[in-house]
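Accompanying notes for the structure given below.
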Number of protein chains: 4
Amino acid sequence: MEFGSDNVAGVHPAIFAAMQAANTGPARSYGADPWTERAVARLREIFETDLTAFLVATGTGANALALSAVTPPFGTVFCHREAHINTDECGAPELFTGGAKLTALDGPGCKLTLEALEQARADFVRGFHQQLPAAVSITQATELGQVYEAGEVAGIGAWCRAHGLRLHMDGARFANALVATNASAAELTWKAGVDVLSFGATKNGALAAEAIVFFDAALAEQFRYRLKRGAQVISKGRFLGAQMLAYLEDDLWLSNARHANAMAARLAAGLAGVPGVRLPLAVPANEAFVVLSGALHARLQAAGAHYHLWPGDGAGRLGPDEVLARFVCAFLTTPDEVDGLIAAARG
Amino acid sequence: MEFGSDNVAGVHPAIFAAMQAANTGPARSYGADPWTERAVARLREIFETDLTAFLVATGTGANALALSAVTPPFGTVFCHREAHINTDECGAPELFTGGAKLTALDGPGCKLTLEALEQARADFVRGFHQQLPAAVSITQATELGQVYEAGEVAGIGAWCRAHGLRLHMDGARFANALVATNASAAELTWKAGVDVLSFGATKNGALAAEAIVFFDAALAEQFRYRLKRGAQVISKGRFLGAQMLAYLEDDLWLSNARHANAMAARLAAGLAGVPGVRLPLAVPANEAFVVLSGALHARLQAAGAHYHLWPGDGAGRLGPDEVLARFVCAFLTTPDEVDGLIAAARG
Amino acid sequence: MEFGSDNVAGVHPAIFAAMQAANTGPARSYGADPWTERAVARLREIFETDLTAFLVATGTGANALALSAVTPPFGTVFCHREAHINTDECGAPELFTGGAKLTALDGPGCKLTLEALEQARADFVRGFHQQLPAAVSITQATELGQVYEAGEVAGIGAWCRAHGLRLHMDGARFANALVATNASAAELTWKAGVDVLSFGATKNGALAAEAIVFFDAALAEQFRYRLKRGAQVISKGRFLGAQMLAYLEDDLWLSNARHANAMAARLAAGLAGVPGVRLPLAVPANEAFVVLSGALHARLQAAGAHYHLWPGDGAGRLGPDEVLARFVCAFLTTPDEVDGLIAAARG
Amino acid sequence: MEFGSDNVAGVHPAIFAAMQAANTGPARSYGADPWTERAVARLREIFETDLTAFLVATGTGANALALSAVTPPFGTVFCHREAHINTDECGAPELFTGGAKLTALDGPGCKLTLEALEQARADFVRGFHQQLPAAVSITQATELGQVYEAGEVAGIGAWCRAHGLRLHMDGARFANALVATNASAAELTWKAGVDVLSFGATKNGALAAEAIVFFDAALAEQFRYRLKRGAQVISKGRFLGAQMLAYLEDDLWLSNARHANAMAARLAAGLAGVPGVRLPLAVPANEAFVVLSGALHARLQAAGAHYHLWPGDGAGRLGPDEVLARFVCAFLTTPDEVDGLIAAARG
């Protein structure tokens with residue numbers, strides 16, 4: 001009963017097979033290989049635009065480098081207080097941007113609101129004594145498993161345009177978010193004003209592959225220099241390309257995400273009526289945040305369930321004997337595992 | 001009626017005269033001059049310890065460099081949300097520390113509380129996924145004109161020691177804070193656990209002179225390299241030395257501070273009963289934060305009074321037609337100016 | 001006839017198989033998996049000491065992070081002018097060290113000499129006006145395919161110790177260098193004064209795996225923070241561990257290196273007597289640097305041979321119609337390929 | 001007999017008097033004062049163009065910030081090996097540019113040649129594996145007291161334009177260089193392709209004042225943010241403005257420079273025939289680099305002369321018993337001092 005993280009999962013067999021198939025003969029290094037070229041072409045099809053994309057091995061690298069293209073070192077990026085870039089990347093954004101500031105905002109479900117953005121902007125009125133508001137970063141799906149609908153992204157995108165800021169989307173779980181909406185990939189990103197997307201594949205089946213996707217080609221100029229000095233260029237780049245290509249071909253990325261989301265929904269539905277369970281948040285994607293009574297938490301632990309307790313309360317206002325638990329479903333989570341957890345919870 | 005900032009004031013005549021007197025013959029450059037040596041010796045007397053000190057021309061330089069000595073680039077510094085380092089230095093701390101993060105905390109009167117520090121530490125539990133809590137920075141007097149008593153500093157100092165953090169004090173208005181307490185300079189700093197102090201002189205009468213004072217000699221090792229690469233080493237350093245020496249000799253720093261504080265107290269007392277005035281905060285040092293009704297604000301502006309409206313409410317919970325105003329008194333503010341403002345307020 | 005780079009080669013089958021075998025069930029992420037643990041244990045056996053090691057995916061990441069542990073941001077690292085860190089990493093060392101300076105020195109075969117180091121140190125006599133000499137970095141094998149014997153490393157190590165500098169070794173081709181000497185891994189590194197080693201596996205058969213090996217545990221303190229903020233922590237870290245483990249088990253790393261070196265020697269021997277060929281440098285490892293006449297270069301190109309022309313002359317003092325060519329042999333270069341090239345050269 | 005440095009001199013009386021005169025009443029802080037405004041207006045007159053200028057207190061700050069406007073963090077700046085930015089600023093350029101690389105070139109008299117620039121560009125052919133050539137920096141007068149004629153600057157400027165690089169001039173001794181040529185300030189800078197100039201005043205009579213002068217307004221956009229985060233904004237900025245204004249008014253800067261240059265010429269002429277003296281370099285500005293026999297050096301030292309021995313040989317090919325000495329004349333060097341030195345040399 002493994003619900004700890006989508007990072008503890010291995011690699012989807014189709015992706016592994018594609019890497020294996022790519023392991024034949026010499027290939028140009030540093031991203032100039034045909035697999036990478038085809039993967040980028042596939043991204044263009046999926047997003048229905050002439051984007052520019054670069055492949056890297058880590059989500060932190062994707063985020064930090066993407067941000068370095070949208071803020072000067074004396075700028076600030078507005079993001080949620082619980083955003084991965086703010087709490088889980090140990091200052092990579094600060095390093096790669098040359099010292100830009102992340103300004104942490106609050107919002108329900110780890111989503112940014114226009115109100116919070118307006119307030120943040122109002123706090124930056126000291127001219128050159130303070131950093132320049134340069135960009136907004138939102139996470140899709142959020143760190144509490146919530147999803148921005150296309151209209152919500154578009155609202156933030158319009159606000160950014162109106163005030164001269166750029167919009168970055170941390171899409172470590174972009175596939176999970178996308179299939180949770182009725183939007184197209186284009187509608188959820190560049191049509192809504194997203195300038196650059198960290199497009200994740202690792203959590204959804206790849207070994208280690210993410211794409212930095214620029215919808216504004218101007219931002220991508222000389223970006224390979226940033227990639228290289230950030231030590232994010234894999235020499236045998238064909239294996240990044242092969243992963244991403246297999247991930248995108250035959251819509252594996254979407255079917256994996258649909259499966260993971262379905263498993264999370266099944267888990268939430270199964271736990272819904274169980275004594276000692278409260279569900280303060282919707283479960284649109286592949287993560288369920290559940291308030292557990294101490295007794296239930298103890299029972300699940302004893303049953304061998306693996307999941308993480310989460311900081312904060314997820315808006316659930318924890319009682320004295322309650323904890324907030326995160327259950328993550330991945331592309332390989334089985335209905336049996338989910339049902340086993342539910343059964344253990346029911347006791 | 002100039003109450004805009006202690007930065008709009010000029011230079012105290014005694015300090016100017018000392019600079020003039022130093023302008024005679026050649027002198028060793030880059031801080032190796034006898035004026036600087038004597039100024040540092042005087043700091044040792046005042047702080048009653050064998051400290052190490054370096055002179056710079058800006059408070060931002062002093063703060064940013066001091067912080068670079070107490071946090072690694074992957075560390076975080078806990079400070080108040082309204083701390084000067086967080087809101088008025090445009091990322092100098094991030095630049096000079098190599099990308100360390102300022103974690104903004106709340107607290108009344110811009111003072112940090114142990115509760116807020118405890119909570120901050122509890123938010124940094126993700127190990128190497130998050131920055132390392134490395135230091136605390138407090139401002140004395142605070143950005144809302146409040147003062148930490150020696151015991152309060154000692155409480156924070158002990159907390160820092162207990163958890164392996166360093167303690168920095170931004171003393172841009174250290175003299176004003178010191179004379180507001182019954183403590184000695186030593187009691188308010190190293191005896192209370194302060195590792196490094198930005199000791200300000202500019203706001204209190206100097207032209208451009210601040211000292212970075214290390215109470216732990218280990219932190220000062222190789223620090224001149226940081227000074228130089230930070231472009232904070234004045235070639236004709238004797239003029240920094242001469243300023244600081246004159247500032248400290250004959251206790252000019254204390255008499256200037258006492259005067260400025262007295263003027264602020266006079267101003268607060270005079271405004272206290274005036275209709276349209278509320279004083280949400282004590283006025284222990286040289287800044288009075290006053291809630292003004294819109295009508296009174298308009299009258300004062302019309303009368304030619306110069307002061308700044310301040311972000312936030314200073315805990316005064318502003319009514320719909322109220323503003324928060326900051327009145328700063330300096331070493332050269334006269335009783336007549338203060339009384340003139342009071343008279344204008346009384347209408 | 002592929003002699004372009006060891007990066008154009010794919011992955012050794014045993015390493016690929018090990019990755020596949022690791023793709024089973026959940027595993028702890030971010031390097032806390034048992035494969036990584038065993039790989040580090042194996043490194044301890046090989047180097048016969050209680051080292052600390054971290055796995056990353058790129059050689060540039062390994063070098064830049066290793067350097068960040070041995071120089072302060074205001075320090076300088078002495079290296080060869082043609083060192084990979086100086087010419088092929090686009091400033092990654094500068095980024096990860098927070099702005100330290102690489103001071104480029106000359107020396108035959110891309111090897112540093114004690115004379116060059118002495119001269120470099122003599123150029124840094126301006127105290128805090130100049131960077132602090134903090135470390136030396138040598139490449140093993142060098143960028144011109146040369147090898148430092150254990151005694152040579154020890155000479156540089158002793159010089160570093162005498163002057164308070166740290167010693168880094170860029171071992172992107174460490175295996176190739178090691179088998180070219182009679183030394184043990186320990187003798188070639190920590191016994192000779194190396195503080196930290198970038199231990200490469202990618203060029204010699206892995207997909208993307210390098211180890212940062214600290215022989216001084218003090219340097220490794222809090223190093224995981226640097227790894228994470230450098231975006232060098234792979235979430236599914238088991239696949240780094242599995243690669244490195246397979247690389248080290250059964251001495252695959254040594255047999256791969258022996259094979260590649262033998263192929264390079266065969267190539268050099270075969271070309272030696274061919275008209276239009278000069279060999280200005282020894283070929284102890286897996287790279288042959290060959291001066292070709294323009295006519296021969298044209299013939300080889302026409303025959304479909306793939307190799308790179310190299311900047312500089314490799315000490316061969318190029319004639320007006322000569323070029324310097326680099327031929328790299330890898331773990332999968334075959335004798336037939338080598339013989340084919342020789343035959344093509346002979347015409 | 002003080003010939004150690006123009007930094008050991010004090011402040012010109014007219015500049016001191018101007019500072020004193022500015023010390024009256026309140027003035028807007030952070031550079032928004034009328035003195036600064038007038039100083040910038042005067043620079044526009046002098047340079048005959050609509051430039052943008054910012055005042056700072058140190059030459060290192062001026063250089064490092066100027067460079068941050070002309071190179072991205074992944075760029076490289078070509079400069080002379082002995083350039084002040086390369087040898088005397090402890091990495092300030094690297095810090096303020098976010099890690100850009102200074103590529104050191106050789107050239108006689110510390111002057112860059114087109115040949116050296118061409119060679120440097122030829123060494124940067126590895127695309128994104130290497131830093132991007134972004135700018136050239138030249139020093140006027142050079143670190144060996146030599147001067148670029150307007151035509152020489154224009155040659156470098158044209159080369160920069162042709163290859164897409166920016167041109168920075170370190171004019172710490174710009175006045176001394178200017179009066180050594182027949183060119184106008186405009187001809188020696190923007191008309192010759194200079195994009196940004198560090199315009200020094202400190203060495204030529206100010207207390208601590210330099211201007212960063214942008215001839216391309218696009219480079220100056222948002223530059224105040226860089227100034228502030230670099231801790232280079234003096235709060236009581238009127239005193240920078242007053243210094244610079246006095247320096248420029250009545251052409252004090254030119255008369256000071258003419259005097260210093262004349263003193264250096266007198267010194268060189270007087271030493272020319274003295275046994276034990278060789279003059280390997282012309283003395284067009286205010287510094288004389290003189291090869292002294294050991295015996296003569298000893299005699300001058302015994303006579304109390306103060307000057308610095310200089311690294312390198314100034315192209316003088318030192319004999320076994322010779323040293324290279326630098327004699328700097330300043331605005332307050334007297335003919336008597338010069339003649340005293342000459343007399344001491346003659347013995």
Side-chain angles (χ1 to χ4, degrees), chain A residues 2 4-13 16-17 19-20 22-30 33 56-65 88-96 98 202-203 206-208 224-240 306 330 332, chain C residues 2 4-13 16-17 19-20 22-30 33 56-65 88-96 98 202-203 206-208 224-240 306 330 332:
Chain A
E2 176 58 53
S5 167
D6 16 27
N7 284 329
V8 304
V11 181
H12 190 280
F16 220 106
M19 295 176 74
Q20 186 103 46
N23 190 26
T24 172
R28 292 187 65 188
S29 48
Y30 302 117
D33 61 275
V56 295
T58 70
T60 294
N63 282 337
L65 281 169
D88 276 282
E89 301 186 352
C90 196
E94 286 86 347
L95 174 63
F96 285 78
T202 310
K203 289 181 191 294
L207 191 153
R224 280 195 197 279
Y225 290 88
R226 289 193 183 273
L227 274 178
K228 180 67 187 180
R229 85 189 280 260
Q232 302 294 317
V233 180
I234 299 290
S235 58
K236 297 180 180 176
R238 65 169 113 171
F239 296 106
L240 285 181
H306 189 206
L332 48 49
Chain C
E2 176 59 53
S5 168
D6 16 27
N7 284 329
V8 305
V11 181
H12 191 281
F16 221 107
M19 294 176 74
Q20 184 102 49
N23 191 27
T24 171
R28 290 188 66 188
S29 49
Y30 301 117
D33 61 275
V56 294
T58 71
T60 294
N63 282 338
L65 281 168
D88 277 282
E89 301 187 353
C90 196
E94 287 85 348
L95 175 63
F96 285 78
T202 310
K203 289 180 192 295
L207 191 154
R224 280 194 197 278
Y225 289 89
R226 290 193 182 274
L227 274 178
K228 179 67 187 182
R229 86 190 279 262
Q232 301 294 317
V233 180
I234 299 288
S235 58
K236 299 180 178 175
R238 65 170 112 173
F239 296 105
L240 285 180
H306 189 207
L332 47 52

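For K236(C) (side chain) and A206(A) (main-chain N/O), a donor-acceptor pair under 3.5 Å exists by modelled atom type.
Nearest heavy-atom pair across G230(C) and F96(A) is O-CZ, 3.6 Å. When every heavy atom of G10(A) is checked against every heavy atom of N23(C), the shortest pair comes out as CA-OD1, 3.2 Å. Summarising the geometry of G237(A) relative to D33(A), their closest heavy-atom pair is C-OD1, 3.4 Å, with the distance given to 0.1 Å. Residues S235(A) and T202(C) share a closest heavy-atom pair of OG-CG2, 3.6 Å. Between K228(C) and A92(A), the shortest heavy-atom distance links the atoms O-CB, 4.2 Å.
Taking CG of L240(A) as the reference point, atom OH of Y30(A) lies at 13.0 Å (rounded to 0.5 Å). Within the model, atoms SG of C90(C) and CZ of R224(A) stand 12.0 Å from one another, a figure rounded to the nearest 0.5 Å. Atom CG in L332(C) sits 8.5 Å away from atom NE2 in H12(C) (nearest 0.5 Å).
Only the backbone of D88(C) comes within contact range of chain A, judged by heavy atoms closer than 4.5 Å. At a 4.5 Å heavy-atom cutoff, the contact between V233(A) and chain C is made by backbone atoms alone. If you measure heavy-atom distances from F239(A) to chain C, the contacts under 4.5 Å come from the side chain alone. With a 4.5 Å cut-off on non-hydrogen atoms, Q20(A) touches chain C through its backbone and its side chain both. For N63(A), no part lies under 4.5 angstrom from a heavy atom of chain C. Proximity to chain C is absent for every atom of R226(A), based on heavy atoms less than 4.5 angstrom apart. T58(A) touches chain C through its side chain: at least one heavy atom from C-beta onward sits under 4.5 Å away, while N, CA, C and O do not. Contact of A64(A) with chain C is not made at all, since no heavy-atom distance falls under 4.5 Å. Residue contact with chain C, scored on non-hydrogen atoms closer than 4.5 Å, involves the backbone and the side chain of N7(A) alike.
Of the listed residues (K203(A), E2(A), R238(A)), the one with the most heavy-atom contacts under 4.5 Å to chain C is R238(A). Contact count against chain A (heavy-atom pairs under 4.5 Å) is highest for M19(C) among E94(C), R28(C), M19(C). Most heavy-atom pairs under 4.5 Å with chain A, from the set R229(C), Q232(C), E89(C): that is R229(C). Ranked by heavy-atom pairs under 4.5 Å with chain A, the first of S29(C), P13(C), A9(C), G61(C) is A9(C).
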